[in-house]
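Note on naming: letters A, B, ... go to the chains in the order of the sequence lines (proteins, then strands), and numbering restarts at 1 for each one. Here the structure is a predicted model, which means the values were calculated and not measured.
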Amino acid sequence: MDSFTQRVLDGDELAAARLMRLTDDRIKGYDAYMRNIWRHTGNAHVIGITGAPGAGKSTLVDALIYEYRSKGKTVGVVAIDPSSPFSGGAILGDRIRMSGHSNDSGVFIRSVATRGHLGGLSVSAMDIAAIMDAMGKDAVIIETVGVGQDEIEVAAVADSCVVVTVPGMGDDIQAIKAGILEIADIFVVNKADRDGVERTVKDLETMLSFTPRHRYNWTPPIIKTTASEKSGIDTLYERLEDHRSFAMSALKAEKQQARLLHAANGIIKERVFTELFHSQKLSEAIKNERNDPYTAVEKIWEQCIISTGN
Amino acid sequence: MAKVRILIAKPGLDGHDRGAKVIARTLRDAGFEVIYTGLRQTPEAIVSTAIQEDVDAIGVSILSGAHNTIFPKIVLLLKERGVNDIIVFGGGVIPDEDIPFLKSSGVSTIFTPGTSTEDVVKFVNENIKPKHAA
C-alpha cells in the first residue's frame with residue numbers, strides 16, 4: 001500500500017481531505033487510491049438522512065453528532081447540496097448548522113455539490129462516505145439534498161435510513177406520492193413543538209399500517225424531535241442503535257453489497273458517458289444521422305463493440 | 001471535472017453577514033463552489049473547516065475592526081497545520097492604512113466598501129485555480 005492511502009486509513013485529516021478532493025474532481029490517478037479505500041470499508045454504521053428541504057435535516061444531523069460524541073463515537077458527515085444547473089456553482093451551507101463541531105477532531109464534515117449529477121446519489125458522494133468509513137469513523141451520516149431520486153438511493157446504500165418530515169407539510173396523500181413510506185427505517189417528525197404534530201404522527205401510523213410489511217420484518221418507529229432544542233435526539237440515537245444491531249446481524253452483508261453495486265453502477269455510467277457517449281460525440285452523430293437519435297446511438301454503440309473486439 | 005472551492009468565513013463578533021452572503025451568491029453564479037461557515041467563527045474553526053473541505057481559498061469578511069488580529073492568525077494557523085496551498089483574501093470595513101500590513105502578513109488581497117462584485121469574480125478567476133487540475 002502507498003503511504004498516502006496509509007495516512008488516510010490512519011485517520012489523517014489532511015490526507016483524507018485531499019483524497020476527497022482528488023476524487024470529487026476526478027483528478028487522474030484518484031481511482032488507484034479508491035481501489036484500496038473501498039477494500040477497507042464496511043465497518044462504519046452508514047446512516048442516510050433524507051427529507052424535504054426545510055425539514056431540518058442539517059439541524060438534526062448537528063444534534064445527532066453531539067449525541068454520538070457524548071457516547072464517545074466518532075462521526076463523519078457527507079452533506080450534499082445542489083449545484084446550480086445554470087452556472088455550475090454551488091452554495092454549500094449545511095455546515096452553518098453544524099459549526100459547533102469545527103474544533104472537534106472526532107468529527108469530519110465534508111460538503112459535496114451534486115455537480116450536474118441528475119438525481120440520485122453521485123459516485124463522488126459514495127466515494128467520500130467510503131473514505132470516512134475507511135478512515136475509521138464509527139458513524140457515517142449522508143445528508144441528502146432531499147429532492148427526487150436521491151432519497152430512494154440513499155435508502156438502498158445506507159445501513160439505516162432516517163426520513164425527516166415536519167407537521168403541516170401536506171396531507172397523507174403527499175407522503176404516499178413521495179414514496180417515503182417504503183424507504184424509512186426510522187421516521188422523524190421534526191419541529192415537534194409546532195401545532196399539528198400529533199396529527200402528522202397519526203397519519204404516518206395509519207399509512208404505515210396499510211403499507212406492505214417492511215422488507216426485513218422491521219417496524220419503523222416514529223420519533224418526535226425538536227432538533228434545534230436537542231429534544232428527542234436521545235430516543236433517535238437509541239432507535240438508530242436498535243436498527244444498527246438489527247441491520248448488522250440480518251443485513252450487513254447485503255447492505256455492503258448494495259453499496260458496492262451502487263458505486264459500480266455509477267462508475268460504469270461515468271465511464272460510458274465520459275469516454276464513449278460524451279455530448280459532443282453524440283451531437284455529431286445525431287447531426288450525421290439527420291436528427292435520428294436512435295440510429296446515432298446505435299452507430300456509436302456498434303463502434304464501441306467493434307473496438308473492444310467483441 | 002475540477003471546480004474552484006472557496007470558504008467564505010465570518011469571524012469575530014459582528015453579526016453583519018449581508019456582504020458575506022452577497023459574495024457567496026456572486027461566486028456561485030460565477031460557477032464556483034462556495035462553503036459558507038455562518039456567523040461568529042474563531043480563526044481555529046475557520047482553518048479546521050478549510051482543511052476538512054480542502055478549499056482553494058478562504059474569503060474572510062470582517063466588519064468588526066479586528067482584522068489586524070484575525071487575518072494574521074488565520075494565516076499562521078494554516079502554516080502551523082502544514083497547509084501551504086490555500087489563498088487567504090478578505091473584505092469589509094478596513095482602513096486603507098491597514099492594508100499594507102495585512103498583505104505583508106500573507107493576505108492576498110483586501111476588498112473595501114464600494115468594490116463591485118465583478119472585481120471579486122475577476123480576482124478569483126485570475127488568482128485561484130482548483131488544486132491539482134491540469
Self-check item: N/O donor-acceptor pair under 3.5 Å between A:R95 side chain and B:I35 backbone
Solution: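 Side chain of A:R95 to backbone of B:I35: no pair is present.
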Quiz prompt | Pair B:D56 + A:R21: basic N to acidic O under 4.0 Å | solution =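 Yes, this pair counts.
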Practice problem: Would you mind checking if B:D85 and A:R18 are paired as a salt bridge, meaning a charged N to carboxylate O distance below 4.0 Å? | Solution: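 Looking at B:D85 together with A:R18, the answer is yes, because their closest N to O distance falls below 4.0 Å.
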Exercise. Among the options B:T49, B:V83, B:I46, B:T37, pick out the one with the most heavy-atom pairs lying under 4.5 Å from chain A.
Key: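 Heavy-atom pairs under 4.5 Å are most numerous for B:T49.
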Quiz item: Does the side-chain contact (heavy atoms from CB on, under 4.5 Å) test come out yes or no for B:R28 and A:S84, once each step is laid out?
Solution: CA-CA 8 Å; B:R28 182 195 81 141; A:S84 159; 4.1 Å; yes
Quiz item: Side chain, backbone, both or neither: which part of A:D24 has an atom under 4.5 Å from a heavy atom of chain B?
Solution: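 Contact with chain B: backbone and side chain both.
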Self-check item: Under 4.5 Å from a heavy atom of chain B, the part of A:V77 involved
Solution: neither
Within 6.0 Å of [atom1] in [X], more than 12 heavy atoms from elsewhere:
X: B:K129; atom1: NZ; result: yes
X: B:K131; atom1: NZ; result: yes
X: A:R26; atom1: CZ; result: yes
X: B:K122; atom1: NZ; result: no
X: A:K230; atom1: NZ; result: yes
X: A:K71; atom1: NZ; result: yes
X: A:Q280; atom1: CD; result: no

So which of [options] has the biggest tally of heavy-atom pairs under 4.5 Å with chain B?
options: A:A16, A:G93, A:S99, A:S83; value: A:S99
options: A:M98, A:H101, A:R110; value: A:R110
options: A:A17, A:A90, A:S102; value: A:A90

Quiz item: Passes side-chain contact (heavy atoms from CB on, under 4.5 Å), B:D54 versus A:M20? Steps please.
Solution: CA-CA 8 Å; B:D54 198 15; A:M20 291 172 189; over 6 Å; no
Quiz item: Does a donor on one side chain and an acceptor on the other come within less than 3.5 Å for B:E53 and A:S111?
Solution: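 A donor-acceptor contact under 3.5 Å links the two side chains.
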Quiz prompt | CA sep, side-chain torsions, deciding dist, call: A:L92, B:Y36, side-chain contact (heavy atoms from CB on, under 4.5 Å) | solution = CA-CA 6 Å; A:L92 309 170; B:Y36 179 48; over 6 Å; no
Quiz prompt | B:R81 and A:E13, any side-chain heavy atoms less than 4.5 Å apart | solution = yes
Practice problem: Could you look at B:R40 and say if it's the side chain, the backbone, both or neither that has a heavy atom under 4.5 Å from chain A? | Solution: neither
Quiz item: From B:E33 CD over to A:D25 CG, what is the distance, rounded to the nearest 0.5 angstrom?
Solution: 8.0 Å
